[in-house]
Structures are given as C-alpha cells and as structure tokens.
Amino acid sequence: MGPPCPRCGRQAPAGGGPFCPFCGRYLAALRWVAEPPPGITQPRRVPVRARYTGPPRYRLLPRWGFPLGPWKSPEPEQPHPDPLVGTRSLVGSLVPLLWATAAVALLASGAEVWRYVLLLASRDGALQAEAVAASDALVASAGTVAPILSLVVGVLMVLWTVRAAQAAGDRAQVRPSRSPRMIVLGWLVPGLNLSIPGSVLAEIEHSAIGLPADRRPRPSRLVLVWWGLWAASVVLTVVVLLWSLRTGVQARADGVVLHAVLDLLAAVTAGVTARLVLRITRLLAPAAPRRREVLMRVNPAPA
C-alpha cells in the first residue's frame, strides 16, 4: 500500500504513481533538512569542577578592600592650613622647651661660677681632684645640652614667628609688612637680628590687640624688655666668641666670667621669651569664657 493522501486521507494502492488516484494530489511531499557535513562540528566539552583547595593566597598584601572602622563622612579639605592653628600647636612644644633651656642655662651659669671659685682657690693651694672632675663634668654636660636645646628652640621660635605674623595679618585683615623669607633672614643674619625680631613681634602684638593698621606700632613693656635682653644676648655672644680667641691665664679666667654672665642672660631671656610667646598667642586666640550653671533653690514662704 502507498502513503495516505494528505488531502482526502485515502490510502493509495501500491504502484499507483506519485499522484492520488482519487483526488489527484501529489503524494511525494519533500522535506529539506540542512545538516553540516561530518567532521566539522566539535564535540561538546563537559566542564570539570575543580577541587576546593582552601581560601585564596596572595604573595603580597592586597591593597583593595574597605578600611577598618566605621564609615565617616569626608571632611572638606582646606586649601591652606590655618596659621592660627599652627601657632597654637607650636606653643605646646615651644614654651616647655624654653623653660627647659632657661633651667639648663641657669645650671651652666652655676657651673661656670663654681669653676671660677675653684680658679680663685687654686692660687693658694692645690685643689681636690674630685671637685675639679665634678666641675669639669658639670660644665661639659651643661655646655653640650644648652646649645642643642637652643638650636631646637631657635627653629621653633622662627617658625612660630612666621605663623603668628600670618595669623595676626588674618585677624586684622591686612597683609603682613614682611614676608616669611624676610622674617627668617631677620632672625639669622647678624646685624638684622638686632632689630627685625623685635619689630616683628611688636607688629604682631599691635595686630593681635586690634589696633588700627595705619597707626604706628608701640611695643608693650614686655616686648621692650625682651627686645633689650635679646639684643644684649646677641652682642654678648659675639664678645664671648671673640674673647675665646685670646690666650693667657687671665684671659681664660675672664672668659669663665663672661660665660657665666652669658648663661645667666640666656636663662633670663628664655624665661621672658616663654612669657611673651604665651601672651601673644592668647591675644591672637583668646580663650572662650567658661560658663557655669548655678542651681538656686527658693525656700517656700513660712506659714
């Protein structure tokens, strides 16, 4: 029997030809299927699951990840640091070092006086070896520590002056009369360091008090006292350096006296400098008044 007719559904007899003998429909319906030639397609790869070998390991510490601690909102960055904040931050280190320098300089002055007393006593007889060794050790120790402290204090003092001048200019809304470079040179250059530091501190005090910018600064008594002590210290330092070039027993004895006076003057200058730095800093940033709560009780009226 042939295939059934898709139109009438009757079974065509075998050998009846490609057409239905009943309705004449073509019986050989063709269906084209496109298939690739053999050898072209690749076999599908089955993924193989790797065996778990533990957490990942790194040769170097990874730099990615979140920082430790809770999240904080980013603070706005200031284009330039506040000079007033820098001035107040330096005071915490400068003032204690100034008092330490005063103490060491006073100790060095006492050691020089003791050495001079031993020189006077050596004219009448021999000295004890223990006293001479102790005096030399005290002079050497104080003479080593005092210059180191003076150098550190000098650097902090110059930096504090630069920041204080900028803070005073911001407070008075004026531009400082001297640039930071000129202030630094005024502290370091011989000759200029006799006038520029005092005038700069007087201008800072003038602006910190809030006086008019067009008025000529008149330094206070504390600034004048410091100015005189500073100038005397600079001049006496030069004299001591030149005196050390002389030779002879009497010159050395006089040098001991000059060193004692210089150390004593340095101690007084350091103490006055500490007070001046504190005063100017408080003028630039006055402390807020403390408020205190007072609890009052009202007794009831007697019956």
Taking all non-hydrogen atoms of both residues into account, name the closest pair between S109 and A260 and its distance. OG-O, 3.0 Å
In this structure, CG of L265 is separated from CG of L258 (nearest 0.5 Å) by 12.0 Å
So, for T144 and P147, which heavy atoms are closest and what is the spacing to 0.1 Å? O-CD, 3.4 Å
Using a 3.5 Å distance criterion without hydrogens, assess whether the side chain of R171 forms a donor-acceptor pair with backbone atoms of A208. yes
For L106, which fellow cluster members are found when Ile, Leu, Val, Met, Phe, Trp and Tyr are connected by side-chain heavy-atom distances below 4.5 angstrom, either directly or through intermediates? L264
Which residues, ordered by chain and number, are linked to Y52 in its hydrophobic cluster, where ILVMFWY side chains connect at heavy-atom gaps below 4.5 Å, directly or through other members? none
Could you tell me whether a side-chain N or O of T281 sits under 3.5 Å from a main-chain N or O of L278, the two making a donor and an acceptor? no
Is there a path of hydrophobic side-chain contacts, each under 4.5 Å between heavy atoms of I, L, V, M, F, W or Y residues, that connects V223 with L194? yes
With a 4.5 Å limit on heavy-atom distance, are the side chains of Q166 and P180 in contact? yes
Do any N or O atoms from the side chain of T273 and from the backbone of T269 form a donor-acceptor pair under 3.5 angstrom? yes
Atom of P219, atom of A202 and distance for their closest heavy-atom approach: CB-CB, 3.9 Å
Does anything in residues 175-199 form a salt bridge (charged side-chain N to carboxylate O under 4.0 Å, His left out)? List the pairs, not counting sequence neighbours. R178-E203
When you measure from the side chain of W226 to the backbone N and O of G198, does any donor-acceptor pair fall under 3.5 Å? no
Verify, without hydrogens or angle tests, whether W230 (side chain) and N193 (backbone) share a donor-acceptor contact under 3.5 angstrom. yes
L188 and W160: same hydrophobic cluster, using ILVMFWY side-chain contacts below 4.5 Å? yes
Can you hop from I204 to L192 via hydrophobic side chains spaced under 4.5 Å? yes
Taking only residues at least two apart or on different chains, which pairs with a member in residues 250-262 satisfy side chain to side chain donor-acceptor pair (under 3.5 Å)? Q250-D254
Between M182 and I196, is any pair of side-chain heavy atoms under 4.5 Å apart? yes
Say whether V113 and V145 are linked into one hydrophobic cluster, either directly or through other cluster members, by side-chain heavy-atom distances under 4.5 angstrom. no
Find out whether L222 and V272 are in side-chain contact, i.e. whether some heavy atom of one side chain is under 4.5 Å from a heavy atom of the other. yes
Who passes salt bridge (Lys or Arg N to Asp or Glu O under 4.0 Å) against E112, sequence neighbours left out? none
Do D136 and R115 come within less than 4.5 Å of each other through their side chains, counting heavy atoms only? yes
Nearest-0.5 Å distance that lies between atom CG in L156 and atom CG in L94: 5.5 Å
Is L185 reachable from V200 through a run of hydrophobic residues whose side-chain heavy atoms are each under 4.5 Å from the next? yes
Minimum heavy-atom distance between W243 and G255, given as atom pair plus value: NE1-N, 3.6 Å
First locate atom CZ of R88, then atom CZ of R163, and finally report the distance between them rounded to the nearest 0.5 Å. 14.0 Å
What heavy-atom pair brings S135 and L118 nearest, and what distance separates the two atoms? CB-CD1, 3.6 Å
In Å and rounded to the nearest 0.5 Å, what is the CG to CG distance from L201 to L276? 5.5 Å
Any side-chain heavy-atom pair of D170 and L84 under 4.5 Å: no
Output the distance between atom OG (S220) and atom CD1 (I209), rounded to the nearest 0.5 Å. 6.5 Å
For R246 and A251, work out which heavy atoms get closest and say how close. CB-CB, 4.0 Å
Check whether any side-chain heavy atom of E205 sits under 4.5 Å from a side-chain heavy atom of R279, and report yes or no. yes
Return each pair, listed once, that meets side chain to side chain donor-acceptor pair (under 3.5 Å) where at least one residue sits in residues 92-107; pairs must be two or more places apart or across chains. none
